[in-house]
Amino acid sequence: MFIVDYIKTVYSTCKSLLSGMRLTGYYFFHHKEIITEQYPDVKAVMAERFRGEVVMTHDEKNEHRCTGCTACELACPNATIKIVTKQELQPDGKKKKALETFVYHLELCTMCNLCIVACPTDAIKMAQTFEHSVYDRSQLTKKLNAPGSKLMEGVE
Amino acid sequence: MISLEHISQSIHEALSASLNPTLVLLIEMAIAGILVISLFAVLGLVLVFMERKVSAYMQIRLGPNRVGYKGFAQTAADTLKLLIKEGLTPDGADKFLFNLAPLLVIVVAMLIMAPIAFTKGFQLWDINIGVLYVSAVSSVGVIGILMAGWASNNKYSLLGAMRSGAQIVSYELSAGLSVLTIVILVGSLSINDIIASQQNGWWIFKGHIPVLISFVIFVIAVTAETNRAPFDLAEAESELTAGFHTEYSGMRFALFFLAEYVNIFIVCAIGATLFFGGWMPFHIGSWEEFNHVMDFIPGIVWFFGKIFSLIFLIMWFRWTFPRLRVDQLLNLEWKYLLPIAMFNLLLTTVMAITGFYIK
């Protein structure tokens, strides 16, 4: 019958609306269990596999493992890495190619991880940082090897 | 005991003692205007903050908590930002109507304040057709919205305004009919008479189920009339960017924003007056002692408490329900609310004639 259906519709509508309101009302009075992250106060710890930016690892003696082989530069699909090398005089009188500057363009990087895979000496790795915003684009071009750092003993 | 009635009385007497009646009237009008404008400003700040906090808590967030103590200065900062922004008028817009629309909307909101009784003897204009006046003037607001949508020369604005027109015109019917149930029971259109009739209990308790139904219809209809979600088709951020106020910026936008919140306040004030006894404290029939204890809380506290509870209810709707489609919106009004309201009106009339309600 029409009138029965009508009343049923009204009843079921009211019921479903009220159940929705019950849920939001519950949330309103139980606001301690907030699900949002209080970002600047509490910063998230990113997962190990998260790719934030490429960094070069240095040990406590300020030595890195980069030989300047340019494998990463060749592996990079969009010219993010530029390796500048120099000729260094060895104690035995021979000259040897060594890293002068590891230029990394964060603004071009797609975090594809190919450079890290290509590196034969594990000199670079992906960091878990994510706050990359700066006021000027030039600040995104980074020099990865620390000033005064040199190649670690025994890394060929 | 100091009350708002005494303060207004003594101001009136102090003015009439030294000035002629016309000047007294003008000065009193100016005072009333300043009071209304400052009430609007405070309401805007408080209600926007309340809305943001309520929405945050309902969505298990924290809401604004950076500016000032626990974020209390957030809306003041937002208003300051709007004040120093440029008020743009688009090139193709009808300049006169475009600038007139926000004013019209806010003026209508101010006009409705006139017959609202805040506490005993504290009312701007005691007219014997208060409820009729409110429902008549509140429908002028839609002209402001249509004006804004039309003058913006923007298809989204026009769509929003047209939707809003269809919506407000339809929902006014059921809002009016639900108001009428109380008018039938009281037998008067005057706001003061309606409040006085609730001396021994509010209508929501005295009027049995018909008044309860008409209260539900009233709340739904006024939510639609103030263009609030789930009936915010006129604005519909996700479909029409902002509907009728897409093209507005700076203080003109702020006026629309303010008018929305002031309108919520006003409809909740009307709802509180009709169904919850306005400033009348919570009285139960002939329990003299209980009633006397309740009288110690001033009327203004009761009134604002009721208003803010109703505002919370409307905010609760907004942050729970999804937006309706236009056809669903009109279905709800014409197929459900209006027939139920009419039947309910009939029921109330029978109830009033037979005297089957708590007198």
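Since the structure is predicted, the reported quantities are computational estimates derived from the model, not experimental observations. Note on naming: letters A, B, ... go to the chains in the order of the sequence lines (proteins, then strands), and numbering restarts at 1 for each one.
Heavy-atom minimum distance, A:T24 versus B:M58: O-CG, 3.7 Å. Shortest non-hydrogen contact noted between B:K335 and A:Y6 is O-OH, 2.7 Å.
At most 12 heavy atoms of other shown residues, nucleotides or ligands fall within 6.0 angstrom of atom CE in B:M342. Within a 6.0 Å sphere centred on NZ of A:K143, heavy atoms belonging to other residues, nucleotides or ligands number more than 12. At most 12 heavy atoms of other shown residues, nucleotides or ligands fall within 6.0 angstrom of atom CD in A:E48. Other residues, nucleotides and ligands contribute only 12 or fewer heavy atoms inside 6.0 Å of the CZ atom of B:F343. Within 6.0 Å of OH on A:Y11 lie no more than 12 heavy atoms contributed by other residues, nucleotides or ligands.
Rounded to the nearest 0.5 Å, atoms CH2 (B:W319) and CE (A:M21) are 14.5 Å apart. Rounding to the nearest 0.5 angstrom, the gap separating the NE2 atom in A:H30 from the CD1 atom in B:I60 is 11.0 Å. Atom CG of B:L62 and atom OG1 of A:T36 lie 5.0 Å apart (nearest 0.5 Å).
Under the 4.5 Å side-chain criterion, counting only non-hydrogen atoms from C-beta, B:L332 is not in contact with A:T13. Considering only heavy atoms from C-beta on, A:L17 stays 4.5 Å or farther from B:F317 through its side chain.
In this structure, the portion of B:F321 lying under 4.5 Å from any heavy atom of chain A is its side chain and not its backbone. Interface remark: B:V54 contributes backbone and side-chain atoms alike to the contact with chain A (heavy atom separation under 4.5 Å).
Aromatic pair A:F29/B:Y57: ring centres not closer than 6.0 Å.
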Could you go step by step and tell me if B:T320 and A:L23 meet the side-chain contact (heavy atoms from CB on, under 4.5 Å) rule?
-> CA-CA 8 Å; B:T320 305; A:L23 186 68; over 6 Å; no
